[in-house]
Amino acid sequence: MASRIHRVTLFKIPDPGNQNKLLEAYKVLARDQTKDGKPYIPYLCAGRALEDDRSKGYTVVAKSEFETLEDMRFYDRECSAHAALRKTAATLGLAEPPTSAYFEGAPTVPSA
């Protein structure tokens, strides 16, 4: 499998109801994301962080993959669906700004 840009974004949203609203916003993002009239995010998943001391207060985690760094930059700078998600997230009582990290890599473990 080819190398992709993998991105993880972590949110600290104390209120479970607001966590649900963010997860719904990710569903809308998955449905509405387009570049040049076509979907461009090959993988997108979001969910609640499981209880663990290592979670450091993060409550929602999103994982996305992009074919290229250019696509991820489009996501950050031009994607209207992502802009809508950011706007929603800003209203949900974030304890601090989201944290994101990304890297380029190909799977190292064969899928079953």
Side-chain angles (χ1 to χ4, degrees):
M1 180 181 267
S3 184
R4 285 186 174 168
I5 303 298
H6 302 263
R7 175 175 167 146
V8 177
T9 303
L10 304 160
F11 298 86
K12 289 184 179 181
I13 300 175
D15 180 67
N18 284 343
Q19 293 168 18
N20 286 338
K21 289 176 185 175
L22 182 62
L23 294 174
E24 288 302 313
Y26 266 101
K27 290 178 185 177
V28 172
L29 169 63
R31 181 192 69 214
D32 293 350
Q33 52 90 16
T34 60
K35 179 181 176 188
D36 300 326
K38 298 179 291 192
Y40 72 101
I41 303 172
Y43 181 85
L44 180 62
C45 179
R48 280 199 176 90
L50 299 176
E51 283 287 327
D52 189 293
D53 290 341
R54 296 172 291 181
S55 296
K56 305 290 184 192
Y58 290 103
T59 57
V60 176
V61 180
K63 165 77 165 62
S64 51
E65 294 180 12
F66 301 90
E67 296 292 341
T68 66
L69 188 56
E70 177 186 294
D71 283 350
M72 192 192 76
R73 288 184 176 141
F74 173 86
Y75 177 74
D76 280 334
R77 299 174 185 163
E78 300 178 53
C79 179
S80 60
H82 185 222
L85 180 128
R86 288 192 317 264
K87 186 176 180 180
T88 297
T91 70
L92 299 178
L94 292 165
E96 61 186 52
T99 297
S100 287
Y102 57 94
F103 64 95
E104 185 173 9
T108 55
V109 178
S111 56

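Below, each value reflects all heavy atoms present in this structure, side chains not excepted, and no hydrogens, waters or symmetry copies.
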Between atom [atom1] of [X] and atom [atom2] of [Y], what is the distance when rounded to the nearest 0.5 Å?
| X | Y | atom1 | atom2 | result |
| --- | --- | --- | --- | --- |
| Ile13 | Lys21 | CD1 | NZ | 10.5 Å |
| Gln19 | Arg48 | CD | CZ | 5.0 Å |
| Ile5 | Leu69 | CD1 | CG | 5.0 Å |

**Q.** Minimum heavy-atom distance Asn18-Asp15, with the two atoms named
**A.**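 Nearest pair, atom of Asn18 first, then Asp15: N-OD2, 2.9 Å.
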Q | Taking every non-hydrogen atom, the tightest pair across Tyr40 and Asp71 | A |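 Nearest heavy atoms, Tyr40 then Asp71: CE1-O, 3.6 Å.
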Q | Which residues share a side chain to side chain donor-acceptor pair (under 3.5 Å) with Lys63, sequence neighbours left out | A |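 For Lys63, the residues satisfying side chain to side chain donor-acceptor pair (under 3.5 Å) (neighbours in sequence not counted) are His6, Glu65.
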Q: Examine distances only and state if a side-chain atom of Gln33 and a backbone atom of Ile41 form a donor-acceptor pair shorter than 3.5 Å.
A: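 Yes; judged by distance alone, with no hydrogens or angles, the pair exists.
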Q) So if you build clusters from Ile, Leu, Val, Met, Phe, Trp, Tyr with side-chain heavy-atom gaps below 4.5 Å, do Leu29 and Leu23 land together? A)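 Leu29 clusters together with Leu23.
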Q. Do Val60 and Leu92 share a hydrophobic cluster (ILVMFWY, side-chain heavy atoms under 4.5 Å, transitive)?
A.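 Yes, because Val60 and Leu92 connect within a single hydrophobic cluster, where side-chain heavy atoms sit under 4.5 Å apart.
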Sequence-distant partners of [X], side-chain contact (heavy atoms from CB on, under 4.5 Å), two or more places apart:
| X | answer |
| --- | --- |
| Asp53 | none |
| Asp32 | Val28, Ala81 |
| Ser55 | Ala49, Asp52 |
| Pro42 | Arg4, Glu67 |

(Q) Under 4.0 Å between a side-chain nitrogen and a carboxylate oxygen: does that hold for Arg73 and Glu70? (A)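 Salt bridge absent between Arg73 and Glu70.
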Q.
Angle between ring planes, His82 versus Tyr75, binned at 30° and 60°: parallel, tilted or perpendicular?
A.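 Plane angle under 30°, so parallel.
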Throw together a table of side-chain donor-acceptor distances under 3.5 angstrom for residues 93-104, partners on residues two or more places apart or in other chains.
residue: Glu96; atom: OE1; partner: Lys12; partner atom: NZ; Å: 3.4
residue: Thr99; atom: OG1; partner: Tyr58; partner atom: OH; Å: 3.0
residue: Ser100; atom: OG; partner: Thr9; partner atom: OG1; Å: 2.8

